[in-house]
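One structure is given below, encoded as structure tokens.
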Amino acid sequence: MMKTDWMFEPDSRHFVLEDYEAALARWCPGCGDHAVLNAVQKLCRDEQLPPEQTVMVSGIGCSSRFPHYMKTYGFHGLHGRALPVACGVRSRRPELNIFVSTGDGDCCSIGTAHWIHALRYNMNMVVMMFDNRVYGLTKNQTSPTSPKGESSNTHPQGAFLSPLNPISVCLSITNASFVAQTVDWNPVHLYETIRAGFEHQGLAFIRIFQRCPHFTDHAFKEFKDEPEKVLLMTHERGIPVNDTVKRVFTNSMQHDPADIDQAHKLARRDDVLPIGLFLRNDQSERYDEYTKRGVNMSNGEKLSALNRELDRFAI
Amino acid sequence: MTERPHLELISDYESAWQAFVSKADPNQSEPHMAAPVFDLLRSRTFDSLVWLKLDQEPRYGVFAKWLAHMVQQPGFQILTTRCDTVQRVAMNVVHQHNGSLPMNQVLEHVAEALRMQLELSEPGQKRLEEEFQHLHDATPAGATLYGAHPAASEKMILMLIRAARVDAYSSFRPRIAALISALENIVAAHHLASPESRNTVSIEKNLGQLGSNLIDAQKLSSATSHVSSSLPIQDSRRVRIENALSDLRDLLDAGLGQAEKIHVLTSQVKDQATDSAVISIHPEPVRQAKHVFDEAVAYTVRCLKAIRCAELEMSDGYKSEHDARLASMTWSSCRAGERFLIPAVLVVASEAELRREQLGMFLECVAAGLPLRWLVRQSMDDKSVVEGQDLGILAASHRTPYVCRTSLGRPEMIAQTTTQVALNLEPVIWIVAHAEHEHSDIAFSMTEAAIWGRLTPLYTYDPSCGSDWASRLDISRNPVPELEWPLIPNPAGESAPLTAADVLQSFRSGSQMLDPDWNEDLLVPVVHFEEKARQIPYTWMVGPDRQRLRSVVTSDVIQIGTDRLHHWHQLQELTGYRNRHAQAAAERARTEARIEFAAQALELQAQIDAAEEIGARKAMTRLARVLLDVDLNEPVMFEKAKPLVTLQEPQQNVMDATAEQEEKAPLPAELELDDDAFIDTPLCTSCHECIGVNALMFQYDDNKQAYLADAAAGTYADLVKAAEKCPAKCIHPGAPRPGDKTATEAVVARAAPFR
């Protein structure tokens, strides 16, 4: 029986990849940011996220050009201040889908205070920390995650200090609920990690190892050439891995994302590069549950509330 | 329903036979069952009673199974041994009440009959009452028993359709209330934006003394409608909403009545009406059905329009073009939860009646897809049964309707299919075969025998199950559907097919019996009969002297049996049990495989012979050289040995020489053809490196991941360069294409790690 019902459905929309593509990405050819951009656009398409209901927030850096390349709402913020802006959006517009792109310098250096408190606030959003171990936009300065001895314009003789471990920091923050790590050169695992973060209710912090073809192309070469040095963390509550991922990363182990002690041990390992989900705690409190109160008030209700408050001062 | 293995049914053949013979009365005019048929049916007789209850969700079951389970419980003693009597009396009671009676009332009748029949002592009677009380307590509340009576199928279908519609209405009612509430809110919002609410005095009152000092009420009055974003509603919209509200309120009040109402159209005088049915007696019920449906569906369309209008208004999605769409709306726009709105029209007709004058109109309604319900009664006395005419397949050929062909021998099939398709938007046709007989067990036995003899094969045609016949048509409810005829033991204890002729002989009185000392050389069982063989076909019957005798099968019965077999073959073919095309294709494939296997064996043997010849030549050559004292390190060339040169163990200097030759020579043609370039697309990181090398050769797919669009659009050097640049190492350049001048030794060497 031919149905004529479709005529009466409210105008429905179907989004394709092009609906999320804005300006042509001006990152260098070979840059890992392209892979992350593609993964986020695919996620938006697969989840059919309305562009007007999606917000990309960023700070400053190569990766923070992200909002320009997405045909959604975006906020290219101040250096290190992506997370406060994102938390503000989340507080009063809880219906929006929020993605934050930030870099190792943006997040772990100038934005450290916001980073720590945003993790504690645990507002529902996906935070993608692009870690290329260098300040790339400003042409090769040492970043908090640059390896010790890594030469740069600020440290021509090599970095003096051992790098900050963002995963260890995240795991130590009270109320953190989702901490994962992935690499840009495996699009399947990258996509699944961002997707898992999107589906998580709370702040999903994802550190993405990302190659800079100009300054740190050598940084991850050993892991690309010898995939067995990448340790694939798997678990039924972790990041889903299919055969394509298993075919590339043959070295794997079971890690329960509820096991915080083992997560700390894995984060500290330097003989292998662990990828997957370190921590997941669905019971963590969410600050946005409190901040969204009253967002549905009508203008009349707001006026009445204002009158009630003013009446308290009537003489 | 699970079929019982047919071998179990006749395990106690001799005792069953004796029981039947002892009861058979030669003076009765009833047809004598052919011996195998009677035995087959004896164990199934009690399956004719089903119970059905409708309090929350329709549930049904076979009464005999329920009873057998109950009397095995602790507390039962008398009824444990009288189970068959209870079932038999229950069958008769239900039959006398036109095929249906509440289960508790049936049990009361049975209890009374048993008390009179058993003549128990006082303690025994008390005990019997207690046991019946246990049965009463365990009876499913509100259950009704239905038996093999011609009126039972109509009652069951009416009850189940009504239950499904009322259930659907109950589920949908909150939705109606929500739509009404939403529309009322819209109207209320309009009222809030009315001039009264913007009155300066009322605003001052709301602001209070302090607020009035801070805010100018006059200005606020002029700005209020904009501040609250509730501009006055347009008149056309208001009228539209009020109309929809009126219709929805009416539906809220009258929806239950609409769901319960079922129009029953028939040309026969009804013996019993049900509360929910509107019975119309009409000489041409089919023609009347279309009129009734068309009249009733106007209300349906009005309600659907109101619902759609309310939904669009709720989402603020009503546009001017919706006016025309709503105006042209029909009942087919009904969604799953709203189907109780579709008028329920049940046409009850006999197959003969339908076939006579109203066939054209019937098929017109079916082809048009009108959601009418058809109950076609097929009496076992109809010529159509024995002549194999099948209205179900005729209707199913229109592809739209749901067709269930069954008989009163399978009442649970009627209950199950009705529950399944009660709310279908497509036409539903039940063709129910029944036998008219004053004794329920004989009526049931005849319908059951017709099933086993393929006279009335059971099937369902469900358009929702797929697009081809094999998916839609289901004959699995028939006994042993993969065989031509079901196998049952004959009086000689051998397993023999039960044919349509066996069953037809049972229905006919006056069959010619053969004397026991007839010449057996001339006789042949009906299943093995061939017309050219000049033999007399027979089947086993019960004779007037209560002996097993052979009965001669006449030519018309043979013809009917052959026709039924053809019909059964076609059903098997449509459902894929015995598809001749598939069998022929499989046979062809087997033949081709045998030929290919033989050819490969020949080729293999030729290779073995060649290898043996080479080995012998090599051995002889080496022997000759040893004898002639020739240098063994010198390369040995065998013209015919070229394809199998790897079998030999060449000397070191031979390998070196070969390696040098290979370096200078072009690549082998086989390698070039087999080693194609490709991209492991799922691993592509979309980094633009390869696109930058050659945008014609590499392109992005729908996921913005690279694939090799045209390997001929660039050079081998492009491929290798892209493979080297690719961060995911997912480009595999393969072997160079013939004639590619960029495929120098150096480039091929660079490509090696990626191949």
- Salt-bridge test for E309(A) and R312(A): reply yes if a basic N is under 4.0 Å from a carboxylate O, no otherwise. yes
- Message: Taking the ring centre of each residue, are F754(B) and H732(B) less than 6.0 Å apart?
- Response: no
- The interface call for L310(A) against chain B, heavy-atom contacts under 4.5 Å, is both
- To the nearest 0.5 Å, tell me how far L312(B) CG sits from L326(B) CG. 7.0 Å
- Message: Go through it in stages, so that I can follow the logic: the residues are Y461(B) and Y402(B), the test is ring pair (Phe, Tyr, Trp, His ring centres under 6.0 Å), and I'd like the CA-CA distance, side-chain angles, deciding distance and then a yes or no.
- Response: CA-CA 6 Å; Y461(B) 177 85; Y402(B) 179 95; 8.3 Å; no
- Task: Using non-hydrogen atoms and a 4.5 Å limit, figure out which bit of V16(A) sits close to chain B: side chain, backbone, both or neither.
- Result: neither
- Message: Using a 4.5 angstrom heavy-atom cutoff, name the option from K224(A), H34(A), Q41(A), K42(A) with the most pairs to chain B.
- Response: H34(A)
- Item | Choice from A728(B), C309(B), C684(B) maximising heavy atom contacts with chain A below 4.5 Å | C684(B)
- Query: Among residues 687-700 of chain B, which ones touch chain A with a heavy-atom distance under 4.5 Å?
  - Reply: C687(B), H688(B), E689(B)
- Message: At a 4.5 Å cut-off on heavy atoms, which part of R308(A) comes close to chain B: side chain, backbone, both, or neither?
- Response: neither
- Residue selection (most heavy-atom pairs with chain B, distance under 4.5 Å) from A35(A), G30(A), A314(A): G30(A)
- side-chain hydrogen bond (donor to acceptor under 3.5 Å, both in side chains) against R133(A), all qualifying residues, sequence neighbours excluded: none
Output a table of donor-acceptor pairs, distance under 3.5 Å, between side-chain atoms of residues 215-223 of chain A and any protein atom two or more places apart or on a different chain; print 'none' if there are none.
residue: T216(A); atom: OG1; partner: N132(A); partner atom: O; Å: 3.1
residue: T216(A); atom: OG1; partner: C212(A); partner atom: N; Å: 3.4
residue: H218(A); atom: NE2; partner: E150(A); partner atom: OE2; Å: 2.8
residue: K221(A); atom: NZ; partner: D225(A); partner atom: OD2; Å: 2.6
residue: E222(A); atom: OE1; partner: K229(A); partner atom: NZ; Å: 3.1

- Message: Closer than 4.0 angstrom, basic N to acidic O: yes or no for E338(B) and R175(B)?
- Response: no
- In terms of heavy-atom pairs under 4.5 Å, which option from P213(A), P29(A), P187(A), C31(A) contacts chain B the most? P187(A)
- Which bit of N213(B) comes within less than 4.5 Å of chain A, counting heavy atoms only: side chain, backbone, both or neither? neither
- Message: Less than 4.5 Å to any heavy atom of chain B: does that hold for the side chain of E21(A), its backbone, both, or neither?
- Response: side chain
- Partners meeting side chain to side chain contact (heavy atoms under 4.5 Å, CB included) with Q48(A) (sequence neighbours left out): H14(A), F15(A), R45(A)
- R472(B)/D462(B) ion pair, N-O < 4.0 Å: no
- Task: Identify whether the distance between the nearest side-chain nitrogen and carboxylate oxygen of E199(A) and R195(A) falls below 4.0 Å.
- Result: yes
- Note on the structure: Applying a strict 4.5 Å limit to non-hydrogen atoms, the region of K704(B) in contact with chain A is both
- Query: When you check the gap from the basic side-chain N to the acidic O, do E52(A) and K71(A) get nearer than 4.0 Å?
  - Reply: no
